[in-house]
Chemist: 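The structure's right below; bear with me while I get my questions together.
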Number of protein chains: 2
Amino acid sequence: MPLRKPLQDELNAFHAEICGALADTRRIAILYELAEGPKAVGELVSALDVPQATVSRHLKVLRERQMVTAQRDGAHVIYALADERIIAALDLLREVMRDILSRRAALAQAMTLEAS
Amino acid sequence: MPLRKPLQDELNAFHAEICGALADTRRIAILYELAEGPKAVGELVSALDVPQATVSRHLKVLRERQMVTAQRDGAHVIYALADERIIAALDLLREVMRDILSRRAALAQAMTLEAS
DNA sequence: TTCATTTATTCGCCTATCCGAATATATACA
DNA sequence: TGTATATATTCGGATAGGCGAATAAATGAA
């Protein structure tokens, strides 16, 4: 039985919010860094070579959507992935991406051949 | 061996583009509609109850990112999912979403009890 | 308390993206 | 050709989201 439409819309809106958190180059990099294990903000900053304020702002986005957890440890704050399935989903999309890229490469190849 | 950083950044940017296509309520609804099978634009319009121009614009975004395919059939254009794994990824994120929502519900519950 | 370190937030500015409305294009058929 | 149907695009305005720079807040140690 399908959901009532307004409810379905609301779920989709939340779903879009989750996806929106993934729709940024730096946040993707952060999530993959955290996939290796919990890290302090400073570690992320040096690993990604991005300004500290920028990393903090992105972490806030991920935190608000509960995709990462934050735990203070003295002067440091340790961030961790809240759910491994986020990485699983990203990996799945990376596979799709790879196929899209190889289709494009094949097309470029065909065009090159045709032109010669 | 890790990828060279600029290359990694470029991959992440593409990855973010793919995720960006998923970061919209209506596009999510469209993708789930197409998960049931190929559909013409008009069918999507009536299924989703969204203006035709809006559906077309969103389809364009999905088409450009090669997440759906379009095939003209007379006056109609039939759209289809380009890759089932897109739905798999969305489903995975929906599971994460469900857990986030239930954590929130539990928190709300706890706050209610404490207040009484 | 004062200073150093680590992290978070705020302020403009700029760009991207969404929408509704209107319009354009493509096809089928008389 | 002319008309109806199906789909796509464009325009202008509103909103969201990104960034750099500056600043604030939290903690630890002298």
Side-chain angles (χ1 to χ4, degrees), chain A residues 6 9-10 12-31 33-34 38-82, chain B residues 6 9-10 12-31 33-34 38-82:
Chain A
D9 284 355
E10 202 173 331
N12 286 343
F14 190 25
H15 203 155
E17 226 178 89
I18 298 291
C19 292
L22 306 178
D24 179 275
T25 309
R26 266 98 184 243
R27 287 197 293 270
I28 287 177
I30 288 174
L31 290 169
E33 275 302 316
L34 293 180
K39 296 208 164 116
V41 179
E43 295 181 84
L44 293 171
V45 169
S46 46
L48 304 178
D49 194 29
V50 162
Q52 177 268 321
T54 300
V55 171
S56 263
R57 264 186 271 113
H58 284 302
L59 284 170
K60 180 181 192 173
V61 172
L62 294 170
R63 210 191 321 130
E64 283 171 347
R65 288 158 161 86
Q66 297 179 249
M67 302 175 73
V68 301
T69 61
Q71 185 185 346
R72 186 168 275 283
D73 173 26
H76 297 162
V77 177
I78 309 300
Y79 280 86
L81 263 189
Chain B
D9 283 356
E10 202 173 331
N12 285 344
F14 190 26
H15 203 156
E17 225 179 90
I18 298 290
C19 292
L22 305 178
D24 179 276
T25 308
R26 269 110 183 231
R27 286 197 292 269
I28 288 177
I30 289 174
L31 289 169
E33 275 303 315
L34 293 180
K39 297 209 164 116
V41 179
E43 295 181 86
L44 293 171
V45 169
S46 46
L48 305 178
D49 194 29
V50 163
Q52 177 267 320
T54 299
V55 171
S56 263
R57 264 186 272 113
H58 284 301
L59 284 170
K60 181 181 191 173
V61 172
L62 295 170
R63 209 193 317 131
E64 283 171 347
R65 288 160 161 87
Q66 296 179 250
M67 302 176 72
V68 300
T69 61
Q71 183 184 347
R72 187 168 273 284
D73 173 26
H76 296 165
V77 175
I78 310 299
Y79 279 85
L81 264 189

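Convention: sequence-line order gives letters A, B, ...; per-chain numbering from 1.
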Chemist: B/Thr54 side chain: which of D/dG20, D/dA8, C/dG20 is closest?
Modeler: C/dG20

Chemist: Give A/Ala40 one of three labels, base, sugar-phosphate or nothing, depending on what nucleic acid heavy atoms sit under 4.0 Å from its own.
Modeler: sugar-phosphate

Chemist: Please determine whether a side-chain nitrogen or oxygen atom of A/His58 lies at a distance below 4.0 Å from atom OP1 or OP2 of D/dC19.
Modeler: yes

Chemist: Counting only side-chain heavy atoms from C-beta out, which of D/dG20, C/dT6, D/dT7 sits nearest to A/Pro51?
Modeler: D/dG20

Chemist: Counting heavy atoms from C-beta on, name the nucleotide in C/dC18, D/dT7, D/dG18 closest to the side chain of B/Arg27.
Modeler: C/dC18

Chemist: For the pair A/Arg72 (side chain) and A/Gly74 (backbone), establish whether a donor and an acceptor sit closer than 3.5 Å, ignoring hydrogens and angles.
Modeler: yes

Chemist: Separation of B/Arg72 atom CZ from D/dA6 atom P, in whole Å?
Modeler: 12 Å

Chemist: Is the count of non-hydrogen atoms from other residues, nucleotides or ligands lying under 6.0 Å from B/Gln71 atom CD greater than 12?
Modeler: no

Chemist: Could you state the CD-P distance from A/Glu43 to C/dT6, rounded to the nearest angstrom?
Modeler: 11 Å

Chemist: So for B/Arg57 and C/dG20, does any side-chain atom that can act as donor or acceptor lie under 3.5 Å from a complementary atom in the base?
Modeler: yes

Chemist: Looking at D/dA8, I'd like to know if its phosphate oxygens (OP1 or OP2) sit under 4.0 Å from a side-chain N or O belonging to B/Tyr79.
Modeler: yes

Chemist: Nearest 0.5 Å please: distance from the CE atom of B/Met67 over to the CG atom of B/Leu31.
Modeler: 6.0 Å

Chemist: Given D/dT9, C/dC18, D/dA22, which nucleotide is nearest the side-chain atoms of B/Asp24?
Modeler: C/dC18

Chemist: Closest to the A/Ala53 side chain: C/dT27, D/dT9, D/dA21?
Modeler: D/dA21

Chemist: If you check the A/Arg26 side chain, which of D/dT9, D/dA8, D/dC19 turns out closest?
Modeler: D/dC19

Chemist: Should B/Leu59 and B/Leu44 count as side-chain neighbours, where that means a heavy-atom distance under 4.5 Å?
Modeler: yes

Chemist: With hydrogens left out and only the distance checked, is there a donor-acceptor pair under 3.5 Å joining B/Gln52's side chain and the base of D/dA6?
Modeler: no

